[in-house]
Colleague: 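My questions will all concern the structure given below.
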Amino acid sequence: METHVELKTNSKMFCRCNVVETDKPNENLCPTCLGLPGSLPVPNKRAIEFITLLALSTKCQITTDGMFHRKNYFYPDLPKNYQISQFDLPVGTEGSLEIVVNGEFSTVEIERVHMEEDTGKSTHIGSGRIDSATSTHLDFNRAGIPLVEVVTKPLIKSSKEAVSYIEELRQLVIDLDISEGKLEKGNLRFDANISVAYENDDELGTKVEIKNMNSLRSLEKAIEYEISRQTKMLNNNETIIQETRHWDEKKEVTSSMRSKEGSADYRYFSDPDIPNMILSEDFIDKIKNNMPVLPSEKRNTFINSGLSIEEANSIGKSPKWMGELYKSVSDITNDSKTTFNWITGELQGQLRKLGETSPPEWMTAEQLAEIISLVKNDKISFTSGKEILAELIEEKINPEEYAISNKLIQENDTEEISKMVKEIIKENSEVLERIANGEEKLIGFLVGQVIKLSNGKVNPSVAKELLLKEIK
Amino acid sequence: MNHYKLSISEINKLFKDKKLKPSELYSEVFERAANTESIIHGHLTLFQDENIKKAADADKRYENGTELGILDGIPIAIKDNINIAGYATTCSSQMLSNYISPYDATVITKLKDEGVMFTGKTNLDEFAMGSSTENSAFGPTKNPWDPSRVPGGSSGGSAAVVSAGSAIASLGSDTGGSIRQPASFCGVVGFKPTYGTVSRFGLVAFASSLDQIGPITNNVEDSKILFNSMKGFDPFDATSGKESKTKQPKLKNAKIGIIKELMEDGISEDAKLEVQKVAKLLESQGHEIVEVSLPLTKMSISIYYLIAPAECSANLSRFDGVRYGNRVAGNTSYEMMENTRAEGFGPEVKKRILLGTYALSAGYYDAFYGQALKARAMMKKEFTETYKEVDYLISPTTPSDPFKFGEKSDNQLEMYMSDLCTIPANLVGMPAISIPTGLSSNGLPLSVQIMSPANTDNTLLEFSQKLESVVSFTSLPEIKGDVS
């Protein structure tokens, strides 16, 4: 996988232009990011800090004496017709990232993490491709925005693993606070290189690069499509050529973009406009000392609190408030699973129905814990718990007071219930006889009668238990 | 009395003493341009109209005693590869014949702050690639000493206008000798500072690791004034240096090395004699002269013609007709870029782009560009070692006096050899100055070049000033057809 991560610095990589979202094309430009004659690049220190943070958190070796290279190729949205990138001395090499696939841990090996600048944006009119377009519109607002490219080793074995890897990387850059991490905005853009080989082959098959996957869903589908395409070809003794293929979102197929990509000669050479990038021990230590909690660490905390790997992974990748609420609530309830289910199930479900993305500000961990405890201790039914939660999302209430005033508290006093059970048995001698004759399902009917008698306050399981005792 | 050959400090004194007004000086310089430009063609553009007001403003400042400094009201010419906001920066190329820069180079901002007036933009070899201005898309500049001869290049226009008196001083850029060689050919002073001491921001790049802006002046003191007003760290140029403390060479009883390899084959007798003459003068001043050998200087042309074209091949990629400059239509965007570059660049520029592209290509990089980088590093070491023994190095600036138009344009290697003595300073990054010291057997100017370790620029200038005073080269060109 090759992933480009757009960093959320205030200014661009090599000039002082602001990085801001705007619909107006060509608004944030200066001589440098437009490649005007005489302009020069000056590296953005913040971006270097960000990439070092990412490289360290993916356990990379840090290149302390690195440099920027020029990658030469002509394209209208590349202002200088070379991209300032890194070549043989990237900031990070030989790293790894722990991910979760199907409820189990797995490790993705990272080959390199390097810094580069983004290009402008081309919109081809009359065709999707530049060579057949009637005209091309160029917007250079994006040109020069800092990008980090993260390249994995070719060791990912399934589409699921690839998706999990992107999810983990996305969570990492969000938690590190170095990127918005929004796929839909192109903050994370990924290409997949896929090769299929015979089971017994030691060597990997010919690599095919897939571009234009804009969501995790299309990533998964494209990889699966490509695996089956290549497998069919191999089974038919056809030769797979090294090429770049385009994922067609609508048709859900890949099609050839250009072949012999591997032979493109970018004539890399070190950029004479930029001195070597020396990352001092001090600089690296400072970043290490300010490292935020990583997704893998967060996940371990959740696992230690009693969740499964899958649950821990899922809550770690949910919105931040969920993980935090989970922690505070489970600290009170001491019941991780129930708490997890209430938050990721009931609470999230009810919020989603209302179109909300987070709970109301008045909702506290204590209130939620109280609801969970009321249900868990059989004070109220699960249905009543859901009702109280819904009420709590609407307005600030005290769950227990609400349960009392709305007569949701269940009767758990066995003496009281025994009285009612005896009364019901007395009134239903005919039913009892039928039960004795084997119509056991009528016990449910009797339980219902007890609940009715109690105006619904009796805990059904207690009522059933006492009924059975009386009958036998 | 003519004032255009006075030094900047002399002019400044006259301004301050109210014996001369900036507007009077400007009229004189402009008249000089009007009389000489039809022959010399040093300026591509003259900023006459706007300067009348600027000169009047400078007059007022001197009247009120609020002048901005020693450079206030001094008319200076700018090589046309340095951006001045609102004016064309053509680089003497068809590619940019209609290109107006929206921003000032850092050196321009600094000079504006000091009240400098810009006479206009001067001619150069296209994109500063050449040694004669014969590669200008807008016609060559003529040598004021003999219009049948080249003024040198690439800053030929900047050297010729100072020599002719149509500017008090000028700025050039020097990648392999482009300030010093034309200064030598035109009998004026040319100074290439230590790489990185003067910001390159706003200088259209030829070879980024070699380019440096510097002054071309009538005397060493003027170069010193201009250098010190332009130097300094620039946040817009990552290669510009913060001043570092360096051991300075001696000013008295110094040890000066004559570079053996630059006194051998390929150097004219005139040029050798000139160096020997100056060496004797220095000796008589109490300095010690020794011969030093720097064997890799012989490789400098080969190293240079791999590194400079490689960098230029990338630097000039941006000229594609997409965003600015001239555009030649095509059926597809790639065809448009190809047509634009085919028509926009002249033959020398194309040749160097091809050479550089080849040197960087997969399979050739190690043999050519990679090898050149190693040789450059070794050459740097060689000079560093030599400077442990000597304070300064001396050589001819050019292998010969100015050559005639067409004389070397058919023999490219010979043309490239005219930068033999100047290229080492760019490869090493050290400061180098060319000082006119005498006339050749053809009655044309000859110069010597003095070099010193990196970051010793002001000491080199001071040393050169002393040499200049004992050489006392006072000859001036007589411009044929000159009516003033």
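Note on naming: letters A, B, ... go to the chains in the order of the sequence lines (proteins, then strands), and numbering restarts at 1 for each one.
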Colleague: Heavy-atom count around K121(A) NZ within 6.0 Å, excluding the residue itself: above 12?
Modeller: no
Colleague: Counting N and O atoms only, with roles assigned by atom type, does the side chain of R323(B) sit under 3.5 Å from a partner on the main chain of L34(A), one being a donor and the other an acceptor?
Modeller: yes
Colleague: Within a strict 4.5 Å, meaning less than it, do heavy atoms of the R16(A) and P235(B) side chains meet?
Modeller: yes
Colleague: Between Y82(A) and chain B, with a heavy-atom cut-off of 4.5 Å, which part of the residue counts as in contact: side chain, backbone, both or neither?
Modeller: side chain
Colleague: With distance as the sole test, does D265(A) use its side chain to make a donor-acceptor pair with the main-chain N or O of A362(B) at under 3.5 Å?
Modeller: yes
Colleague: Kindly compute the distance separating CG (N315(B)) from CG (D273(A)), expressed to the nearest 0.5 Å.
Modeller: 6.5 Å
Colleague: What are the two closest heavy atoms between P272(A) and Y195(B), and how far apart are they?
Modeller: O-OH, 4.0 Å
Colleague: By a 4.5 Å heavy-atom criterion (distance strictly below it), what part of P43(A) contacts chain B: side chain, backbone, both, or neither?
Modeller: side chain
Colleague: Mark yes when over 12 heavy atoms from residues, nucleotides or ligands other than K286(A) sit less than 6.0 Å from its NZ; otherwise mark no.
Modeller: no
Colleague: Are R267(A) and Y364(B) in a cation-pi contact, defined as NZ or CZ under 6.0 Å from the six-membered ring centre and within 45° of the axis?
Modeller: no
Colleague: Looking at N331(B), I'd like to know if its CG atom is crowded, meaning that more than 12 non-hydrogen atoms belonging to other residues, nucleotides or ligands lie closer than 6.0 Å.
Modeller: no
Colleague: Do Y103(B) side-chain atoms and C30(A) backbone N/O form a donor-acceptor pair below 3.5 Å?
Modeller: no
Colleague: When only heavy atoms count and the cut-off is under 4.5 Å, which of residues 133-150 of chain A reach chain B?
Modeller: L138(A), F140(A)
Colleague: So how far is it from F14(A) CZ to F236(B) CZ, rounded to the nearest 0.5 Å?
Modeller: 15.5 Å
Colleague: F269(A) and side chain to side chain contact (heavy atoms under 4.5 Å, CB included): which single residue from I307(B), L360(B), L373(B) fits?
Modeller: L360(B)
Colleague: Sort by residue number and list every member of residues 83-92 of chain A having a non-hydrogen atom under 4.5 Å from chain B.
Modeller: none
Colleague: Checking heavy atoms, do the side chain of N72(A), its backbone, both or neither come under 4.5 Å from chain B?
Modeller: side chain
Colleague: Does the Y365(B) side chain pair with the main chain of Y268(A), one donor and one acceptor, at a distance under 3.5 Å?
Modeller: no
Colleague: Using side chain to side chain contact (heavy atoms under 4.5 Å, CB included) as the criterion, list what pairs up with V42(A), not counting sequence neighbours.
Modeller: A238(B)
Colleague: After noting the C-alpha distance and the side-chain angles of S317(B) and R70(A), does the key distance pass the side chain to side chain contact (heavy atoms under 4.5 Å, CB included) rule?
Modeller: CA-CA 12 Å; S317(B) 291; R70(A) 292 183 182 178; over 6 Å; no
Colleague: Donor-acceptor check, side chain of R318(B) to backbone of L36(A), threshold 3.5 angstrom: yes or no?
Modeller: yes
Colleague: Can you run down the salt bridge (Lys or Arg N to Asp or Glu O under 4.0 Å) pairs that involve residues 38-48 of chain A, sequence neighbours left out, and say none if there aren't any?
Modeller: R46(A)-E49(A)
Colleague: Does L40(A) offer a backbone N or O that forms a donor-acceptor pair with the side chain of D237(B) under 3.5 Å?
Modeller: no
